[in-house]
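All remarks here apply to the structure that follows.
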Amino acid sequence: MSKTTQSDSEPPADPAADSRSNYDHRSSDVEEPELVADLEALVEGEVRFDSYSRNLYATDASAYHQLPIGVVVPVSVADVQAVMGYCAEHSIPVLPRGGGTSLAGQTVNEAVVLDFKKELDAVVDVDPETGTVTAQPGITLARLNNHLEEHGLKYAPDPAWGDKSVLGGCIGNNTTGAHSLKYEKADGYLEEVEVVLADGTVTTFGWMDVEELHERAAAVDGDAGIVERVYAVVSDVLRNRTEGIEERYPDLTRNVSGYNFDKLLEDVEARGEVNVGRLLAGSEGTLGIVTEATVSLEPVPEETSVVLLTYDDVISAMRDVAPILEHDPAAVEVMDDVLLDLARDTPEFSKLVGTLPEGTDSTLLVEFYADSIEEGKRKVADLLADRLPGYEATGEPAADGTRTDGEIQAVDALEAYDDDRQAKFWKMRKAGLPILLSRTGDEKHWPFVEDTAVPAENLPEYVADIQELFDEYDTFASYYAHAGPGVLHIRPLLNLKADDGVDRMLEISDAITDLVIEYGGSVSGEHGDGRARTTWNKKLYGEDIWASFGELKAAFDPQGLLNPGNVSGDFDPTENLRYDADYEFDAGFSPEMNWDNENGFQGMAELCHGCAGCTGHQDTTGSIMCPTYRATQNEEITSTRGRANMLRRAMSGDLPEDVFSEEFIHEVMDLCIGCKGCKRDCPSGVDMAKLKTEVKHEYHQREGIPFRDKLFANVETLYGLGSAFAPVSNAAAKLPGTGLLMEKVLGIARERDLPTFTRKTLTKWDRSRTPAVSESEADRKALVIADPYTNYTQPEVGKAAVRALEAAGVHVEVPDDVTDSGRPAHSKSLLDKSRATARANVDALAPRVEAGWDVVSVEPSDSVMYQNDYLDLLSGPDVEVVAENAYSVMQYIDTFRLDERLSTETDETISYHGHCHQTASSRDHHAVGVLRRAGYDVDVLDTTCCGMAGSFGYEAEHYSMSQAIGRMLFDAVEESPGTEVTAPGTSCRSQLAGTDRTDGKPPHPIEKLEAALQY
């Protein structure tokens, strides 16, 4: 990659293009250089055949992994055409890939991968009159619907991962979602597709008269091209295979197994036309490569209403599904006892689960669409009058409401009509997958039979038989998801590393396929065939239809180059698994920190399931994770998934390079900025920041500690010297050429301003004064920690904290013996130093905490250090008592409602950017609550890390990445109605101070609180 020479102007859009950057998101080795050279000469996009890129695309959200030949990132249809044409000429397989969210292994193959999400993600045209939109395959469904929002329209398929999965993948899997009772699968909305065929030609498939299809098919001869041969097969299917299709295809709206011949028959019957393009839906990239699609849209419903019905057991809930469907709901979702028990243990859902009747085993979430809130309440009341008579609903049921004959199964109900309560219900249901994926042991819930579908009326018997089957194999699964259309997410708990684990997976899959067929169902009701289920299509459909699948595949793809093996192929579902009995993991070192999860460091390194929860965009997913991925616009190696997979594969021997090589550290580990967002936002809870700390510590043990890292780790000493020599130290930092010298000698970016030191430190100020509230008259006693930043560079923030606490009646002291929390050393992975600092601080603080003192930090990363990271470094009652009694200053005020003692007055509107560490530990709401009660109108910015990340943004090689992350924050501030921005983190305020969006360094929230005080 060519590098841009960096000047003092705006950094390049691509951080890796900065001449100082020591990364380019790939490894130095290149597989098949001649093939790479040929492709690079043909395409404008990137061609990546290095080992890192190949390993990054070796997995998706399934149980499988297989190295691709290489990766191409097309930027145009011409690029796709060129790659396919070249590969056809040289008989090289090709795999189109969207977001990599597939659960059955359909985006894992030995092929040249085309990554569409990175570049081909535009909306081409919106036509509200016809209710259609034309878009490229790489756009996420969330961004697509954002474009449509102003028209009151939406693309109806709504998979739970719609903010990470993309339109092309949605079409490839024939996706639907929770509201499929109202909407069709992707095939029902596909009006026209632009397709690159297996020979590299481009064509468009859309609607055509059936007779025209038959006429064109009749004219096919030996020289016919792909399109005409496809028409011939489709014509034969419509003329000669209809009886077999009607007999063997399950009568389900949610069947996505095999090629969807049944949709062709429906269309012909409904409108006398055929749309061959609809065969691309659910084809998993095996028939053609979709480069543009026109899809029809649905109106956004005016209102929704939700009721949560509770049951004594999951079978009772299943018995209630068919009667509930008589009420025409938009969605019916189930959660069983496994998930409810796990949800009960989570802070976010414990209160909601606690409102359920004692003994509740399972629930059904039922949602209705309505034209008004009143109508929504009536629909819920009708349902309850029928399925839970005696319950006093909020609304009045209609006199002629639907009544069914089924026995009463429900025990109780919770209604929800406001957006927040409904969102809470839905979030708990959607938390099912994250909860299940949090296991760090060798036994995991694997997705190989997790979306079978049967008619709703057969669910009770089907679930009973599955439970009996699992009892035979001494395992269990949870039952959740789309009960209304008969789709249950069932993930058996298995250890694939065990000698018999893979055999058990195959046997269970085979047995459940038999049950599915017995109950008139489908092997896949949502997530497709892929490597996990392709083999069962022959059993599901029979030899004749299976042969037709092969004929269609051969017509579209004569050489069998497009994602070979899927849908109509010969995959063995036990091959190319991530884990099997031969799998070995060797970290290569002994971890230094406490790991209280099962399997410790290894369990965390293996925890990522590839679900792509870290690959959402800031504008649609929000929250923190993962800042570098969002800044680099879909660079896989910068996601938590990418890093976790690379770490696991390196430590299991699948990478040719050592995890402790300089290249691996720079490319994979160093660009994790330690925001901790993954610990909360990752569905599995992968703690990449902690993993990185362990790996970098071991790297330092082997290679030594760079001088700059030592410098940043010793901030207390460095800042103490700066303060002692102020103002001379400040003047020296401003001399011409100082920035360039710092960059050349220390690697500190010349664009960054160095801190301004003061000799009047916070500790000196505190020693010279008498506390405003004596210990005897105070209800609480607080030790306000003078961290190096607050003490030596911005004591005004510490003073504001002291004054605000004293105004609230708190006795405050600023201790001299506790300053640096150890965070600077910890962030540089110098664990010996951070542990020593933690031990000294705990020894100093624990006796005082036992004596009734609270530990209060102005700097949020320090408070999280005391609360969380100390527990990773130390063990015992002393560190636990310190962690339990440590607070950030705004958290402290909010927790004990100290602001209720304050007199405040203001009507200012301010923008609030929370610190990533506090947000990740769910403690950032405290500052917002206090500021709002003080009178401020607070606009909370939905932003990720500021990009400074302690010393990261000062490092010359990371400056452009820091600014790329920062631009998301800068844009949010610019769009906010606030007259001023406030942020608790020193790094955040420094990042914002370096822009033209703020006048100097923004204030800390405690300064805003003090400013509102009425003394």
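From a predicted model like this one, the values you see are computed outputs, not experimental measurements. If you read the sequence from its start, that first residue is 1, and numbering goes on from there. Worth knowing before you read on, the calculation uses all heavy atoms, side chains too, and leaves out hydrogens, waters and symmetry mates.
In this structure, the side chain of Ser235 does not engage the main chain of Ala232 through any donor-acceptor pair within 3.5 Å. Looking at Asn260, its side chain never comes within 3.5 Å of a backbone N or O of Asp262 through a donor-acceptor pair. Side-chain atoms of Asn458 come within 3.5 Å of backbone N or O of Tyr519 as a donor-acceptor pair. Glu273 contributes no side-chain N or O that, together with a main-chain N or O of Trp207, makes up a donor-acceptor pair within less than 3.5 Å. Although no hydrogens or angles enter the test, the distance criterion places no donor-acceptor pair under 3.5 Å between the side chain of Ser102 and the main chain of Gly105. Remark: side-chain polar atoms of Arg429 are not paired, donor with acceptor, to backbone N or O of Glu333 under 3.5 angstrom. Not a single donor-acceptor pair under 3.5 Å links the side chain of Asn255 to the backbone N or O of Ser522.
A cation-pi contact, defined as under 6.0 Å to the ring centre and within 45° of the axis, links Arg531 to Phe571. A cation-pi arrangement is absent between Arg248 and Trp546 under the rule of less than 6.0 angstrom and at most 45 degrees off the ring axis.
When all heavy atoms of Leu562 and Asp557 are compared, the pair lying nearest together is N-OD2, 2.7 Å. The minimum heavy-atom distance linking His617 with Lys117 is given by the pair NE2-CE, 4.3 Å. Nearest approach of Leu141 to Val166, heavy atoms of both residues: CD2-C, 4.1 Å. Annotation for Gly528 and Ser524: closest pair N-OG, 2.8 Å, computed over non-hydrogen atoms.
Thr132 pairs by the side chain to side chain donor-acceptor pair (under 3.5 Å) definition with Thr130, not counting sequence neighbours. By the side chain to side chain donor-acceptor pair (under 3.5 Å) test, Thr534 pairs with no residue at all, sequence neighbours left out. The side chain to side chain donor-acceptor pair (under 3.5 Å) check on Glu298 picks up Tyr189, with sequence neighbours excluded. Under the salt bridge (charged side-chain N to carboxylate O under 4.0 Å, His left out) criterion, Glu526 pairs with Arg254, not counting sequence neighbours. Every residue two or more places apart in sequence or in another chain that forms a salt bridge (charged side-chain N to carboxylate O under 4.0 Å, His left out) with Glu184 is listed here: Lys263.
Asp115 and Tyr57 are linked by a side-chain donor-acceptor pair at a separation below 3.5 angstrom, with hydrogens and angles left out of the test. Using modelled atom types and a 3.5 Å distance limit, the side chains of Asn563 and Gln106 yield no donor-acceptor pair. In this model, a donor atom of one side chain and an acceptor atom of the other lie less than 3.5 Å apart for Trp426 and Glu367. Residues Asn173 and Thr175 have side chains that never bring a donor and an acceptor to within less than 3.5 angstrom of each other. One side chain, Ser296 or Glu191, offers a donor N or O that lies under 3.5 Å from an acceptor on the other. Checking Asp382 against His327 by side-chain atom types alone, no donor-acceptor pair falls below 3.5 Å. For the 3.5 Å distance criterion, the side chains of Asn275 and Asp267 fail to qualify, holding no donor opposite an acceptor. Of the N and O atoms on the side chains of Glu303 and Ser372, not one donor lies less than 3.5 Å from an acceptor on the other residue.
Separation of atoms CG (Asp158) and SG (Cys170) is listed at 9.5 Å; rounding is to 0.5 Å. Considering CZ of Phe261 and OG of Ser548, their distance stands at 5.5 Å, rounded to 0.5 Å.
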Between Asn566 and Thr286, is a side-chain hydrogen bond (donor to acceptor under 3.5 Å, both in side chains) present by the stated rule, with each step listed?
CA-CA 7 Å; Asn566 284 273; Thr286 62; over 6 Å; no

Decide yes or no on side-chain hydrogen bond (donor to acceptor under 3.5 Å, both in side chains) for Asp125 and Thr134, but give the supporting numbers first.
CA-CA 5 Å; Asp125 180 60; Thr134 302; 5.0 Å; no

Assess whether salt bridge (charged side-chain N to carboxylate O under 4.0 Å, His left out) is satisfied between Lys182 and Asp328, documenting all intermediate values.
CA-CA 9 Å; Lys182 290 292 185 184; Asp328 192 29; 2.9 Å; yes

Just do the side-chain hydrogen bond (donor to acceptor under 3.5 Å, both in side chains) check on Thr620 and Asp163 with the steps written out, would you?
CA-CA 6 Å; Thr620 54; Asp163 55 339; 5.4 Å; no

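Proximity of the aromatic rings of His489 and Trp446 is defined here by a centroid distance below 6.0 angstrom, and this criterion is not met. Separation of the His214 and Tyr231 ring centroids does not fall under the 6.0 Å cut-off.
Below 30°, between 30° and 60°, or above 60°: for Phe549 and Tyr249 the angle between ring planes is above 60°, a perpendicular geometry. Below 30°, between 30° and 60°, or above 60°: for Tyr183 and Tyr369 the angle between ring planes is between 30° and 60°, a tilted geometry.
The salt bridge (Lys or Arg N to Asp or Glu O under 4.0 Å) contacts involving residues 537-548 comprise Asp510-Lys539, Asp514-Lys539, where partners must be two or more places apart or lie in separate chains.
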